[in-house]
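These notes concern the structure reproduced below.
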2 protein chains.
Amino acid sequence: MPAGPGPAADGTPEVDLRTPDGRSARWDEHRTQRRAALVHAARKAVHRHGPDVSMEEIAATAGTSKSIVYRYFQDKPGLQVAVGAAVVAQMHTALDEASRAAETPREGLRAMIDVYLAMVEHSPHVYYFVTRPLSEDAEAPLGHFLDAVANLIARPFTAVLTAGSRERVQADLWASGAVGFIRGTGEWWLSHREDDGAPTRLELTDRVTTWLLAGPVGFLTRTRQEASSHAEPPSTTETPCTTPTAHLNDEEQS
Amino acid sequence: MPAGPGPAADGTPEVDLRTPDGRSARWDEHRTQRRAALVHAARKAVHRHGPDVSMEEIAATAGTSKSIVYRYFQDKPGLQVAVGAAVVAQMHTALDEASRAAETPREGLRAMIDVYLAMVEHSPHVYYFVTRPLSEDAEAPLGHFLDAVANLIARPFTAVLTAGSRERVQADLWASGAVGFIRGTGEWWLSHREDDGAPTRLELTDRVTTWLLAGPVGFLTRTRQEASSHAEPPSTTETPCTTPTAHLNDEEQS
DNA sequence: CCACAGTACCTGATACCGTCAGTCTCGTGA
DNA sequence: TCACGAGACTGACGGTATCAGGTACTGTGG
């Protein structure tokens, strides 16, 4: 069906610009509108029925049938990334407001964490839908959504940075880790929120911000002492691998 | 179907202990052996065919048919957690050797990261199989595997700790974040390993260790300056929420 | 300038296919 | 008699195909 020349490969299936025919152009606005509406419906359906909604249910929520959904989205992962993009866009706008007031990178990071946790708290289903990898490859297109968030995080750091590849890579790497940290704590919090001693969202935000920027300072002074005393020299080639990483897999040999 | 009294809910489907019948007890050893063999076969199959193997393929790899697999494991998630447990067990033994030599928590953490990354590197398929949530609930049984790893990480810290719930929670929380950080960087590394400027696994290990314990020191001195100056007071109630977390979901109202 | 045929695209329903998780049935061997 | 094991079966779901409409644009002839 996609007779178009370009390999689009993202969610959008071949919009085919080369015809200035009014009969085609007439639908352009309608198309974008409809697509947005479908994304919205998908979010609603996921929010209601959990991250494992069937396409049929999504279509039903949108008041139509599968055919339509598949006309606008390549497949389920395609829909997933579209929803993810929408969520990221919302986070981005929310972040713009926040980072206008934020001077230091610390405030920027804090705002980021806050927005992230707010999303997690407000609609865990959508969060999981967007977060969970659906692709069978699972290697290259790891976490479209999480990658985007990592970029959001890395931006304030890389902005100050010369485009030298060495440090850029460092920033990206750290951002990936930071998103992972937030994700980990966020999901832990989601399922331990009711326990006694569990922090509120704001406490969590502050704590995670501090931990990310300064390490596990504050929650354990004793171990922290040792840790920080050893953490001073961050030379990358510290000691050769002393851990006997024992063969962790025994299932290859063809 | 599960006529057994206890809510097992782990991988084991009701072994039905209430019959001390010799005709039944005769099979006990065979059962545990078989179960281990099936887990092994599952790992092999996943390693070969990717994290989306069908149960049929797993059974075929084990040289049998689905019925058998379902006799020993409740369902696919059950098998998944069994495989995860096996991997965690291997990590645990690998870690025991390492942590015998490790005095400081830092060395313990470093060893942990090393083992984790080694696993990721050696068999990404198995890693994804074990890592990805398969349950539709997706909330309570979040990441059996990742939780176990988090416990592994938290142990050296909590060992020194009084059992006071307040600090235990802190340690657990931090451990979840740390695992998330390692996961994030690990998966980033998995798909950017070939880029120029990408670190080797050992460099990555050292860097992540340092970052986790002391924050992003070393890769950007300028921003780090600001960060650390603000990071000193880790009081949990720092400033009230200044970020305008904008309504991130618009899809509820029944 | 206007009617008309033809066209390009959208809609939504329904039926269909392939795959896969999970179950059931029945034969076999100790 | 008991567990084992193979294979047929069911149901759900992702995804495709077909079909009968519907509506606005394009071109051409009167």
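Each chain gets a letter, A, B and so on, in the order the sequences are listed, and its residues count up from 1.
Remark: C1' of dC20(C) and CD of E57(B) are 11 Å apart, rounded to the nearest angstrom. Atom CD in E56(B) sits roughly 14 Å away from atom C1' in dG5(D) (whole-Å rounding). Taking atom NZ of residue K76(B) and atom P of nucleotide dA21(C), one finds them 4 Å apart after rounding to whole Å. The interatomic distance linking F73(A) (CZ) with dT16(D) (P) rounds to 15 Å, in whole Å. The CD-P distance, from Q80(B) to dA21(C), rounds to 12 Å in whole Å. The CD1-C1' distance, from I58(A) to dG12(C), rounds to 17 Å in whole Å. Spacing between atom CG of L79(A) and atom P of dG15(D) amounts to 10 Å, rounded to whole angstrom units. Straight-line distance from the CG atom of D75(B) to the P atom of dC20(C): 17 Å, rounded to whole Å.
Among the protein residues, S65(A) comes within range of the nucleic acid bases, having at least one heavy atom under 4.0 Å from a base atom. Across all strands shown, V53(B) has heavy atoms under 4.0 Å from sugar-phosphate atoms exclusively, and none from any base.
Residue I153(B) is tested with L95(B), D172(B), I182(B) for a side-chain contact (heavy atoms from CB on, under 4.5 Å); the sole match is I182(B).
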Subject >> side chain to side chain donor-acceptor pair (under 3.5 Å) assessment of E187(B) paired with Y128(B) >> reply: CA-CA 10 Å; E187(B) 296 181 5; Y128(B) 281 121; 4.6 Å; no

**OP:** With salt bridge (charged side-chain N to carboxylate O under 4.0 Å, His left out) as the test, would you mind laying out the steps for R193(B) and E121(B) before giving the verdict?
**Re:** CA-CA 10 Å; R193(B) 215 182 332 175; E121(B) 179 180 35; 3.8 Å; yes

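OP1 or OP2 of dC4(D) has at least one side-chain nitrogen or oxygen of Y72(B) nearer than 4.0 Å. Residue T64(B) has no polar side-chain atom (N or O) positioned under 4.0 Å from OP1 or OP2 of dG5(D).
Counting atom types as modelled, S67(A) pairs a side-chain N or O with a base atom of dT14(C) as donor and acceptor under 3.5 Å. Contact of K66(A) with dG15(D) (side chain to base): a donor-acceptor pair of N or O atoms is detected under 3.5 Å.
Contact between A198(A) and H192(A) at its shortest, heavy atoms only, is CB-O, 3.3 Å.
Relative to the side chain of Y70(A), the nucleotides dC4(D), dG14(D), dA21(C) differ in distance, and dG14(D) lies closest. If you check dA6(D), dC10(C), dA21(C) against the side chain of R31(A), the one that comes closest is dC10(C). With dC13(D), dT11(C), dA21(C) as the choices, the nucleotide that has an atom nearest any side-chain atom of M55(B) turns out to be dA21(C). For I68(B), counting side-chain heavy atoms from C-beta on, the closest listed nucleotide (dG12(C), dC9(C), dG5(D)) is dG5(D). Taking only side-chain atoms of R34(A), from C-beta outward, the nucleotide of dG15(D), dG12(C), dA21(C) with the closest atom is dG12(C).
In terms of modelled atom types and a separation under 3.5 Å, the side chain of W174(A) and the main chain of T185(B) share no donor-acceptor contact.
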